[in-house]
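Order of listing sets the numbers, starting from 1, for every ligand and every atom in it. Side chains included, hydrogens not; waters and symmetry mates left out as well; all remaining heavy atoms used. All of these numbers come straight from a predicted model, not from anything done at the bench.
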Amino acid sequence: MRYGVGSSGFQIEGKEGRSLSVWDLYLEKEGTLDGSDPSYGTDFLKCYKEDIALAKDLGISDFRFGVSYSRVISEDGSFNKRGIRFYKDLAQAIKEAGLRPVCTLYHWDLPQIYENEGGWTKRDMAYRFASYARFLSESFGDLVSSYVTFNEPQCFLGLGYQKGLGHAPDTEHDYEAMLRSVHHVLLGHALASEAIRKRNPKAEILFVNTADIPLPIRKGDLSLERALSKMLFSIPKDARSFYTESLFLDPLYFGSYPAEIRERSSLSFVEEGDMELIHKGKPDALALNIYTGHYYDLDKEGKVVEVREEEGPKSPLSWLNFHPLALYYGPKYFYLRYGAPILITENGGCYDDRLEEGKIHDPDRINYLSSYLDALKKAKKEGVPVLGYYYWSLTDNLEWKEGVSKRFGLVYVDYKKGCLRIPKDSYFAYRDIIAKDKD
Ligand code: BG6
């Protein structure tokens, strides 16, 4: 198994030296929920070598980092040489530590100059994104051979392009404009993959989806499992249409939009050759961010109904229930539909950490980590090709609109002391799990 940790540029780097992104403007307007200042991140620009050393000592193989798009694109639209220098140094340091740099090109923070021109609703955006990917992959050369084009379109489009859902840019678009934006993201992925492969034919290219996994209330009830898998890949008619899976993955894996979408739209924005190109951009593995799920049963008429099932310790984040079986059923459902190997690019627990005499005892996170990993290994044992698992995140970070008080890290960041790092008990537990796993 490839073990790793994940991070994203916007959440750790701070604002210094880059142009404005949609998230800067959104947080300026709305503020963070805990009132913390989003300008500094975890001071990663200065501390990245220390963080890489901590990652190396975990015994992981993969270090997933995110490029902040607005650090590479200046306010006038030109490439920012200082920005790219930083990412080259970072990739170099990751490689020197003996780790595989896995580079996410887009983790939500679209440069505001592009949003001002219509962002993903405009076809031009796909071509801009491809030229950014080309520029980065040429600059990295052989330093980076694993790329994630997009992280969670369910969030940056599904939540960000509908008003009031807590994500930047918090704009409102009608159904057709939303579909058009999805198409431009997929096209951007395909064009970027082509550009990266031109420079580096053996590169691993991924597209990260996130999902809330429907879990069966009973084990071994195959008709319930089938109904839940069908539900996971179906597309509701309302705003949730865009927080779904098949909308993004069917075009990549099967070369066409799901039937529900074709019935609802003429897809007039699809140009000749687009679907073939998107299908050619099929990722090298199915990259999934899975944190949680919900339990379901069938009622007397055979309809799927949600049932409450409380498990384990409560997280301070209301959406994040402790349901480890999400990492068993999730990979299983996705593998059955798309037949591709699975890489878990994010999974992690958020708990109220307290610094006590210089230490963080976080048994809930240890329980989260080991229970989810056990579930994933069970899926693997039963034949699902699982390539690896990345814990989110190495350090605490700026959790978007939540601010810095919601902590996912294996390493505590003491923001009052110039972003001092303190490995939590879970850091050592993850290290032990990795050391014991001979697979
Ligand atoms: C994932 C994102 O969806 O969830 C991360 O890729 C994020 O960027 C993580 O930090 C935790 O979610 P949230 O919404 O609580 O910040």
**Asked** Any N/O of Trp400 closer than 3.5 Å to an N/O of ligand 1?
**Response** yes

**Request:** For residues Tyr391 and Tyr427, determine if any side-chain heavy atom of one lies less than 4.5 Å from a side-chain heavy atom of the other.
**Result:** no

**Message:** What verdict does the side-chain hydrogen bond (donor to acceptor under 3.5 Å, both in side chains) test give for Arg337 and Tyr333, after you've listed the backbone C-alpha separation in whole Å, the side-chain angles of each residue and the deciding distance to 0.1 Å?
**Reply:** CA-CA 6 Å; Arg337 183 173 176 95; Tyr333 296 147; over 6 Å; no

**Asked** Taking the six-membered ring for Trp, are Tyr389 and Tyr3 parallel (under 30°), tilted (30 to 60°) or perpendicular (over 60°)?
**Response** perpendicular

**Asked** Nearest to atom 7 (C) of ligand 1, what protein heavy atom do you find, and at what distance?
**Response** Glu399 OE1, 3.5 Å

**Request:** Over all heavy atoms of both residues, which pair between Ala130 and Leu191 is shortest? Give the atoms and the distance, please.
**Result:** CB-CB, 3.5 Å

**Item:** Interfacing atoms of ligand 1 (cut-off 4.0 Å, heavy-atom, His107)
**Value:** 2 (C), 5 (C), 6 (O), 8 (O)

**Message:** So, 4.0 Å and heavy atoms of Glu346: is ligand 1 close enough to count as a contact?
**Reply:** yes

**Item:** Backbone or side-chain N or O of Thr210 under 3.5 Å from ligand 1 N or O
**Value:** no

**Request:** Determine, stepwise, if the pair Glu117 / Lys122 fulfils salt bridge (charged side-chain N to carboxylate O under 4.0 Å, His left out).
**Result:** CA-CA 8 Å; Glu117 290 175 25; Lys122 294 284 178 344; over 6 Å; no

**Fill in**
At under 4.0 Å between heavy atoms, what of Glu152 touches ligand 1? The answer is side chain

**Message:** Does only the side chain of Asn151 get under 4.0 Å from ligand 1, or the backbone, or both, or neither? Count heavy atoms.
**Reply:** side chain

**Request:** Can you spot which of Phe156, Tyr243, Trp108, Tyr161 makes a ring pair (Phe, Tyr, Trp, His ring centres under 6.0 Å) with His167?
**Result:** Trp108

**Message:** Counting non-hydrogen protein atoms only, what is the nearest one to atom 9 (C) of ligand 1? Give residue, atom name and distance.
**Reply:** Tyr291 OH, 3.5 Å

**Message:** Which of the numbered atoms in ligand 1 are under 4.0 angstrom from any heavy atom belonging to Leu317?
**Reply:** 15 (O)

**Request:** Decide yes or no on side-chain hydrogen bond (donor to acceptor under 3.5 Å, both in side chains) for Asp34 and Ser405, but give the supporting numbers first.
**Result:** CA-CA 7 Å; Asp34 63 5; Ser405 56; 2.7 Å; yes

